[in-house]
Amino acid sequence: MNIAWKEIKKNKVRFLILGSIIFLVSLLTFIISGLANGLSQDNASLIKDLPEGQFYMNKEGDETYNLSKIDSDIQDEIINKQKDAVAFSIQMGFLNSETDKQHSVAFVTSTDSELFENVEDGEIILDQSMEDKGIKVGDVLTNNQFSGEFKVKGFVEQKKFSHAPIAYINMKNYKEIYRVMEMQLLFIPGGESSEQFMGLQSFSNKDFLNTIPSYNAEQMSLNMIVWFLVVISGMLFAIFFYMMNIQKVGLYGILKAIGMKTSRLFKIMWSQMLFITIISLILSISFSQVFNMIAPEGMPFHLTFETTIQLSLVFLFIGFIGATLSGIQIKKIEPLHAIQQGEA
């Protein structure tokens with residue numbers, strides 16, 4: 001460790017440049033990961049907040065939730081057998097405020113369940129983001145396809161679908177707006193994939209999220225960028241230590257000649273990698289939290305502690321792999337040949 005530290009002090013500019021690049025790459029990775037998680041919540045927090053279980057939709061719906069129609073007899077049979085089962089529907093729509101301003105929402109209705117808000121005929125419960133748009137409890141809202149009016153009963157925190165705020169309404173009102181009689185989906189908390197019902201296709205929480213076109217495409221693009229940046233950081237370590245090792249062939253030959261083992265040389269390199277990576281990660285995590293505090297209010301940024309730890313461990317692992325691959329040449333060094341090459 002002492003040798004590793006002395007070398008860092010001797011070549012501090014080189015190590016500072018590498019540390020700065022790792023800091024920038026990891027900071028960008030944390031920010032993009034936070035945006036990916038934030039957009040994920042903004043796109044499907046209604047579904048993500050549900051417990052693990054099984055979703056069911058009609059097989060004829062072609063894995064598209066808004067084309068699915070659950071037969072009412074099958075729905076009643078499942079709900080009667082499964083105590084916590086719930087049938088629900090989601091459709092995009094609009095609400096008109098008292099000032100005639102139109103707001104895009106995702107209408108949600110369900111059978112009686114603790115998992116969804118239950119409202120009376122003519123009432124509506126909205127996502128809290130609608131409160132920021134000037135809507136208050138007691139306001140009267142309308143919909144062009146609804147003969148009556150909606151009275152705002154209250155607000156819920158962070159409930160969105162397809163980047164639109166959720167609007168919980170009564171089942172009777174929902175059926176009038178969309179001229180339907182069947183519900184779209186069934187959900188059984190804690191259900192197993194082996195539990196099948198005639199005419200229905202089952203999905204886990206993750207699989208159901210992937211049937212939402214906007215969610216799948218959005219998350220896939222952002223996650224590809226995150227992992228691309230992680231791979232780049234590993235390549236940076238490999239290239240940096242490879243170049244450093246080439247310049248130190250003569251030194252390694254002398255150290256081997258006086259009896260230093262190859263494993264000790266690897267430990268020196270790993271110590272340097274750990275020092276640079278840990279300092280860079282501490283700074284990038286700190287800056288990403290500052291970014292979280294100063295980011296515009298409307299920006300969907302959500303970087304969790306679990307994600308931060310996972311990415312940090314990945315960076316350390318990738319750094320270890322990159323440094324180790326670059327150091328394979330150390331094992332092949334013959335002391336006499338290396339000393340002669342260093343003197344040439």
Side-chain angles (χ1 to χ4, degrees), residues 1 4-9 11-45 48-49 157-158 160 163 206 209 215 218-244 266-327:
M1 185 64 189
W5 176 241
K6 284 182 178 178
E7 188 178 3
I8 289 174
K9 288 196 294 184
N11 300 291
K12 52 181 172 289
V13 174
R14 293 179 184 178
F15 283 95
L16 182 62
I17 291 172
L18 176 64
S20 299
I21 295 172
I22 297 301
F23 159 71
L24 292 173
V25 171
S26 58
L27 176 61
L28 185 58
T29 304
F30 284 127
I31 290 175
I32 292 177
S33 181
L35 288 172
N37 287 336
L39 286 168
S40 172
Q41 287 293 116
D42 196 64
N43 199 347
S45 57
K48 295 189 74 173
D49 289 346
E157 188 176 349
Q158 192 57 38
K160 291 190 174 183
H163 298 296
K206 183 179 179 180
L209 284 170
Y215 181 89
E218 189 176 81
Q219 291 301 300
M220 186 180 295
S221 301
L222 290 169
N223 286 330
M224 281 182 64
I225 295 172
V226 168
W227 288 110
F228 184 68
L229 289 170
V230 169
V231 171
I232 286 176
S233 70
M235 292 174 64
L236 285 170
F237 274 112
I239 293 168
F240 176 82
F241 282 106
Y242 177 78
M243 297 303 294
M244 291 284 287
F266 267 97
K267 288 177 182 177
I268 292 171
M269 189 169 57
W270 289 335
S271 299
Q272 292 169 342
M273 181 276 299
L274 281 172
F275 177 79
I276 296 169
T277 307
I278 290 172
I279 295 297
S280 299
L281 286 173
I282 290 172
L283 289 172
S284 60
I285 290 169
S286 302
F287 274 76
S288 64
Q289 294 304 315
V290 171
F291 178 82
N292 188 23
M293 291 186 287
I294 66 174
E297 192 173 336
M299 180 180 287
F301 187 86
H302 184 66
L303 184 61
T304 63
F305 177 76
E306 291 78 7
T307 302
T308 303
I309 295 298
Q310 288 171 3
L311 284 175
S312 298
L313 292 175
V314 168
F315 269 110
L316 288 169
F317 178 74
I318 290 293
F320 175 80
I321 296 297
T324 302
L325 289 176
S326 72

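V226 and S33 get closest at one heavy-atom pair: CG2-N, 4.0 Å. Contact between Q158 and Q41 at its shortest, heavy atoms only, is NE2-O, 3.6 Å. Considering every non-hydrogen atom in both S284 and F30, the closest pair reads OG-CE1, 3.3 Å. Nearest heavy-atom pair across I22 and F237 is CD1-CE1, 3.7 Å. Shortest non-hydrogen contact noted between I285 and S312 is CD1-OG, 3.6 Å. Listed here is the closest heavy atom pair of L18 and F240: CD2-CD2, 3.3 Å.
The OG atom of S233 sits 12.5 Å away from the CG atom of L24 when rounded to the nearest 0.5 Å. Taking CD1 of I318 as the start and CG of L229 as the end, the distance is 12.0 Å to the nearest 0.5 Å. Rounded to the nearest 0.5 angstrom, S40 OG and N223 CG are separated by 9.0 Å. A distance of 6.0 Å separates CG of L236 from CD1 of I21, quoted to the nearest 0.5 Å. The distance from atom CG of L283 to atom OG of S288, rounded to the nearest 0.5 Å, is 11.0 Å.
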(message) As a quick check of understanding, evaluate side chain to side chain contact (heavy atoms under 4.5 Å, CB included) for F228 and I232, giving each step before the final call.
(response) CA-CA 6 Å; F228 184 68; I232 286 176; 3.4 Å; yes
(request) Could you please spell out the steps behind the side chain to side chain contact (heavy atoms under 4.5 Å, CB included) verdict for T324 and M269? (result) CA-CA 8 Å; T324 302; M269 189 169 57; 5.7 Å; no
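Side-chain contact check for K48 versus N43: every heavy-atom pair is 4.5 Å or farther apart. Here the side chains of L303 and N292 are not in contact, with every heavy-atom distance at 4.5 Å or above.
S20 meets the side chain to side chain contact (heavy atoms under 4.5 Å, CB included) test with L16; sequence neighbours excluded. Among residues two or more places apart in sequence or in another chain, the side chain to side chain contact (heavy atoms under 4.5 Å, CB included) test is passed with L39 by H163, E218, Q219, L222, P300. Taking F287 as the reference, F23 meet the ring-ring contact (aromatic ring centres under 6.0 Å, His included) condition, with sequence neighbours excluded.
For residues 27-44, the set of pairs meeting the salt bridge (charged side-chain N to carboxylate O under 4.0 Å, His left out) definition, not counting sequence neighbours, comprises D42-K160. Residues in residues 304-326 take part in these ring-ring contact (aromatic ring centres under 6.0 Å, His included) pairs, two or more places apart or across chains: W270-F320.
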Pairs under 3.5 angstrom only: tabulate donor-acceptor contacts from the side chains of residues 273-280 to other protein residues two or more places apart or in another chain.
unit_1: T277; atom_1: OG1; unit_2: M273; atom_2: O; d: 2.7
unit_1: S280; atom_1: OG; unit_2: G19; atom_2: O; d: 3.0
unit_1: S280; atom_1: OG; unit_2: I276; atom_2: O; d: 2.8

